[in-house]
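Presented below is the structure to which this report refers.
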2 protein chains.
Amino acid sequence: MRKEAEIFEEYLKTKKLNLTKERKAILNQVFATNGHLEADEIFLRLKKDKKDVSRATVYRTLGLLVDSGLVRKVYLGEDHIHYEHTHGHTHHDHLVCIKCGKVIEFSDKKIEKLQALVCQESGFKELSHTVQIFGYCKDCKE
Amino acid sequence: MRKEAEIFEEYLKTKKLNLTKERKAILNQVFATNGHLEADEIFLRLKKDKKDVSRATVYRTLGLLVDSGLVRKVYLGEDHIHYEHTHGHTHHDHLVCIKCGKVIEFSDKKIEKLQALVCQESGFKELSHTVQIFGYCKDCKE
DNA sequence: CCCTTTTTGAGATTTAGTCTCAATCTAAAC
DNA sequence: GTTTAGATTGAGACTAAATCTCAAAAAGGG
Ligand SMILES: [Mn+2]
Ligand SMILES: [Mn+2]
Ligand SMILES: [Zn+2]
Ligand SMILES: [Zn+2]
């Protein structure tokens, strides 16, 4: 498994961009966190760590990380986007509890295969997908 | 197939709310449109039709329509929500072309069944789900 | 060192959506 | 038909996510 900083730097090079200390700090913060992060959380954590970076740079860098394929956006039914790193994880999708907010990850090869089939039938070239199932988790249903 | 206004009125009654002319205008606008609407589009169309309704009322009523089950929110990868009416349609999900913006609808019973199975295994009670597949449509891929 | 390009941060801006509140409407009770 | 409590609305203030602007700073290649 190659290190994510290495991959990111390589990606940046192809765009003639540099891996600055700000970008590295954001990368590290994203990969230090398991689960689903919001942009502002990254901004605030870096501030606490005295690795201050502006909000603009956080958003700009998240965009680069998504483009590089190391990170993806996740829509969890809220009014803002979450991010999760994908490097070193198998692809998965989400069950979202609308009561307690818990997010359960699942992956299902069969579903993925059928989705690929749907795309094939439409002549559609898939780049990514997201599946969200909203409802009540085990603890919240009744 | 029961008329949507009837269903909406019934739903409103259970909440001790009335089907006002503003709510009716919004309902009509939503059901007059096939495809995916944004809140502001509804606001502007009503303005053009001289059936002026405030933005606040549009958002408030869309919330009621979603709660009533006649309409659902659709996330298409943009920074705002789309709405589509569900009454009289079979459930479907979406392929979204990231180049031309086209949205292709699909439905697949097998996928739905497998999703239900995933929920069952997690003890999760599904209320709704959305699947979005992003990529290039037939005309845009190459 | 010079020169060009990249990068950044502060803060302004945009935009979706929500909230407030006073005025108006509704409907049921009298 | 009057009264009255509750529902409804619109204008515009407000919030929050995300983007944009632009001048200053940093980096990189000679
Ligand atoms: Mn996840
Ligand atoms: Mn649709
Ligand atoms: Zn829960
Ligand atoms: Zn297309």
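Below, read A as the first sequence line, B as the second, and so on, with proteins coming before strands; counting in each chain starts at 1. Computed over heavy atoms, backbone and side chain alike; hydrogens, waters and symmetry mates excluded.
Within 4.0 Å of Glu22(B), counting heavy atoms only, lie sugar-phosphate atoms of the nucleic acid but no base atom. Asp40(A) comes within 4.0 angstrom of nothing in the nucleic acid, heavy atoms only.
Using modelled atom types, one finds no donor on one side chain facing an acceptor on the other under 3.5 Å when comparing His94(A) with His82(A).
One finds no side-chain N or O of Thr57(A) lying less than 4.0 angstrom from the OP1 or OP2 phosphate oxygen of dT7(C). The side chain of Arg23(A) contributes an N or O atom lying less than 4.0 Å from OP1 or OP2 of dT7(C). Contact check, Thr20(A) against dA26(D): no side-chain N or O comes under 4.0 Å of OP1 or OP2. Remark: Tyr59(A) is not in phosphate contact with dT19(D), judged by side-chain N or O atoms under 4.0 Å from OP1 or OP2.
If you measure from atom CD of Glu38(A) to atom P of dA17(D), you get 7 Å, rounded to the nearest angstrom. With rounding to whole Å, Asp79(B) atom CG is found 18 Å from dA16(D) atom P. Between Ile42(A) atom CD1 and dA18(D) atom C1' there is a gap of 14 Å when expressed in whole angstrom units. In this entry the distance linking CZ of Phe43(A) with C1' of dA18(D) reads 13 Å, nearest Å. Per the geometry, CZ belonging to Arg55(A) stands 12 Å off P belonging to dG11(C), to the nearest Å. Protein atom NZ of Lys15(A) is 18 Å distant from nucleotide atom P of dT5(C), rounded to whole Å. Distance CG (Asn18(B)) to P (dA5(D)): 18 Å, rounded to an integer number of Å.
Considering only side-chain atoms of Leu17(B), the nucleotide from dT7(C), dA7(D), dC19(C) that sits closest is dA7(D). The Ile81(B) side chain lies nearest to dG17(C) when the options are dG17(C), dG10(D), dA27(D). Side-chain proximity of His80(A) to the nucleotides dG17(C), dA17(D), dG9(C) is greatest for dA17(D).
Using a cutoff of 4.0 Å between basic side-chain nitrogens and carboxylate oxygens, Asp139(B) and Lys99(B) are not scored as salt-bridged.
Aromatic pair His89(A)/His87(A): ring centres not closer than 6.0 Å.
Atom CD1 in Ile26(B) sits 6.5 Å away from atom CG in Leu62(B) (nearest 0.5 Å).
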### Audit row: Ile104(A), Phe124(B), side-chain contact (heavy atoms from CB on, under 4.5 Å) steps and yes/no
CA-CA 9 Å; Ile104(A) 301 158; Phe124(B) 191 88; 4.1 Å; yes
